[in-house]
A.B. asks: 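Take a look at this one; I'll ask things after.
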Amino acid sequence: MKRSRRVIGAYLSAAVLVLAACGSGDDSSDDDAATNPALTKSEIKLGLIVSQTGNSSSSDKSGAGSAKAWQQWVNANGGIAGHPVKVVVKDDKGDGATATTAAKELLDDPSILSITAQAANTEQQVAAVLSGKDVPVVGATGYQTAIWAKQPNYFPVTSQAFPATVVSQLASAKAVGATKFASVYCAEVAACKEATPLLEPAAKPQGVQYTGSIAISTSAPNYTAECLKMIDQGADFIQIAVAPSAGKKLIADCQAQGYNGYFGVTAGAVNADMMSIPNVKMSGGIQGFPWWTDDAPVVTFRDAMKQYASDADYENPSATAVWASLEVVRKSLAAVGDAPTRADLTAGLHALKDEDLGGLLAQKVTYIPGQGTPINCLWLYKHEDGKFTSAALPGPSGNSISEGTLKSDCLTSPTG
């Protein structure tokens, strides 16, 4: 299992990236502080590294629009303790070298009080620059446990790959009443295959039968044989970990052979590209809060997106994870003085106790100085007839919401 833990970050990154869409850009979001003359204190600057372009952009780019709306919404409502706020956005282009440069530039600017990262493809390169430094890294989405759950200057707000994000694949099958789970993974990425031994032990506690995994090539002309094999095995839930082009083709081929069960789509792969497929049932786990609920803090999020970033796609977990991460920063700076520093923000983060932002976080967080923070909770969903609904399991929630759409599920390793 130790070896599985080492490969799982690579697997999830690979799976998310291939589902997403197979020099450092610097974009400071709109300077709107001047429109609110009441904001007379010094400007608070926050950094965001996000893949606006490149091979993970369809999973990550929505974070930039979310940050833009959040900034303008905060400044229209008193700023942070009277300080106007600006989010400095850097596009890492899904490229390690570009991400390294972006991280160094933000780190070397002491006026940047925190850095948020929404870039699945480059989290390792970014961590090589930022781990152990004085700048707090506050969310948004991260997969590698050795980074997000171990580094004391990393303050995660979403679940890491292992165990929650992997186990959610099996838990989401259980949540929609599926009984036989099959997996299709990318033949081109070795890490995808290395993670398959985790699925069978994760299936047993969920009461779901694991029927096996099949490697497919994105260049294959069709997947009829693979679909027929899974159908013959009785699979009623097929987890997809392949590129969008192959995923769409596989869905079409399986449906043509009479498959009418669910397809598993998890984490950053839950995006407009996959959700646009007609007449398909999907289920999985999301790390950012559900955007479709009518709970008050989610309504605030949607209203802000519509008012301040009307052209942005916000119906995805990347957008909501960035919003929640920036809200954690705002909460931590609520009582900050006239000249806030990184140390002030770090102290504010360490002062949070069982914080879940009214349900916008899947797990109540308490950040302990000198320690990492594992996050094992997320939300299960199903997507059917073009609509998202919650698919939470029975049992306790990881946050303060005991029932309803914001109720979360906490998932642990079946092997300890």
Side-chain angles (χ1 to χ4, degrees), residues 63 66 70 116 118 138-143 145 148-149 154-172 174-175 206 266-268 270 283-302 304 314-332 334 348-368 371-382 388-413:
S66 181
W70 178 85
T116 296
Q118 184 60 42
V138 186
T141 301
Y143 295 96
T145 304
W148 291 93
Y154 269 64
F155 298 83
V157 303
T158 63
S159 62
Q160 293 90 42
F162 189 87
T165 306
V166 170
V167 178
S168 72
Q169 297 176 5
L170 285 305
S172 61
K174 177 182 178 180
Q206 301 299 335
T266 298
V270 182
S283 182
I286 54 173
Q287 297 154 295
F289 63 83
W291 51 91
W292 59 87
T293 176
D294 289 330
D295 296 84
V298 181
V299 172
T300 296
F301 161 75
R302 285 201 305 268
Y314 63 86
E315 295 182 336
N316 60 75
S318 296
T320 59
V322 168
W323 180 278
S325 300
L326 295 173
E327 280 292 271
V328 168
V329 172
R330 186 168 75 102
K331 181 87 173 183
S332 302
L349 288 161
H350 287 147
L352 298 177
K353 303 298 179 185
D354 291 331
E355 182 60 55
D356 71 348
L357 300 176
L360 294 188
L361 302 184
Q363 179 175 313
K364 298 176 183 178
V365 296
T366 298
Y367 300 116
I368 300 174
Q371 296 185 21
T373 308
I375 304 290
N376 295 321
C377 307
L378 40 59
W379 292 272
L380 301 180
Y381 79 91
K382 66 177 179 178
F388 282 94
T389 56
S390 173
L393 296 170
S397 177
N399 59 25
S400 59
I401 310 300
S402 59
E403 59 183 17
T405 310
L406 286 182
K407 176 188 178 298
S408 65
D409 288 292
C410 300
L411 305 171
T412 57
S413 168

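Bear in mind the structure is a predicted one, so any value in this text is a computation, not a measurement.
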A.B. asks: Where do P290 and T405 come nearest, in terms of heavy atoms and distance?
C.D. replies: CG-O, 3.8 Å
A.B. asks: Under the side chain to side chain contact (heavy atoms under 4.5 Å, CB included) rule, what do V157 and E327 come out as? Steps first, then yes or no, please.
C.D. replies: CA-CA 10 Å; V157 303; E327 280 292 271; over 6 Å; no
A.B. asks: Any donor and acceptor pair, going by atom type alone, linking the side chain of N316 with main-chain N or O of A319 inside 3.5 Å?
C.D. replies: yes
A.B. asks: Applying side chain to side chain contact (heavy atoms under 4.5 Å, CB included) to L380 and S283, what does each step give before you reach the verdict?
C.D. replies: CA-CA 7 Å; L380 301 180; S283 182; over 6 Å; no
A.B. asks: Rounded to the nearest 0.5 Å, what separates atom CD in E355 from atom OG in S400?
C.D. replies: 8.5 Å
A.B. asks: How long is the gap from CH2 on W323 to CZ on R330, to the nearest 0.5 Å?
C.D. replies: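 CZ of R330 is found 8.0 Å from CH2 of W323.
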A.B. asks: Which pair of non-hydrogen atoms, one from I375 and one from T158, has the smallest distance, and what is that distance?
C.D. replies: CB-O, 3.3 Å
A.B. asks: For F388, check ring-ring contact (aromatic ring centres under 6.0 Å, His included) against everything at least two apart and list the hits.
C.D. replies: W291, W292, Y381, H383
A.B. asks: Nearest 0.5 Å, what's the OG-CG distance between S159 and L378?
C.D. replies: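 One finds 4.0 Å between OG of S159 and CG of L378.
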A.B. asks: Quick check for you: to the nearest 0.5 Å, what is the distance between W379 atom CH2 and I401 atom CD1?
C.D. replies: 10.0 Å
A.B. asks: G398 and C377: which non-hydrogen atoms are nearest, and at how many Å?
C.D. replies: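 Minimum heavy-atom contact is CA-SG, 3.9 Å.
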A.B. asks: Roughly how far apart are L406 CG and L357 CG, rounded to 0.5 Å?
C.D. replies: 11.0 Å
A.B. asks: So how far is it from R302 CZ to T293 OG1, rounded to the nearest 0.5 Å?
C.D. replies: 7.0 Å
A.B. asks: Assess, by modelled atom type and distance only, whether the side chains of Q169 and T266 contain a donor and an acceptor separated by less than 3.5 Å.
C.D. replies: no
A.B. asks: Give the minimum heavy-atom separation between Q160 and A149, together with the two atoms involved.
C.D. replies: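 Taking every non-hydrogen atom into account, OE1-CB, 3.5 Å.
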A.B. asks: Provide the closest heavy-atom pair for S318 versus Q118 in the form atom of the first, atom of the second, distance.
C.D. replies: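 Closest approach of S318 to Q118: OG-NE2, 3.2 Å.
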A.B. asks: Using residues 358-367 as the side-chain source, report each donor-acceptor pair under 3.5 Å to any protein atom, sequence neighbours left out, with the distance given to one decimal.
C.D. replies:
| from | atom 1 | to | atom 2 | distance (Å) |
| --- | --- | --- | --- | --- |
| Q363 | OE1 | N376 | N | 2.8 |
| Q363 | NE2 | P374 | O | 3.2 |
| T366 | OG1 | D354 | N | 2.8 |
| Y367 | OH | P156 | O | 2.7 |

A.B. asks: Answer yes or no: is there a side-chain heavy-atom contact under 4.5 Å between L411 and P163?
C.D. replies: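 No. Closest side-chain heavy atoms not under 4.5 Å.
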A.B. asks: Taking the side chain as C-beta and beyond, is there a heavy-atom pair between F289 and S408 under 4.5 Å?
C.D. replies: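 Answer no - side chains too far apart.
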A.B. asks: For A267 and P317, which heavy atoms make the closest approach, and how far apart are they?
C.D. replies: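 Nearest pair, atom of A267 first, then P317: O-CG, 3.6 Å.
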A.B. asks: Which residue, Y154, F155, Y143, forms the ring-ring contact (aromatic ring centres under 6.0 Å, His included) with W148?
C.D. replies: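 When ring-ring contact (aromatic ring centres under 6.0 Å, His included) is applied between W148 and each of Y154, F155, Y143, only Y154 qualifies.
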A.B. asks: For residues 395-411, which residue pairs pass the salt bridge (charged side-chain N to carboxylate O under 4.0 Å, His left out) check, not counting sequence neighbours?
C.D. replies: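 The answer is K407-D409.
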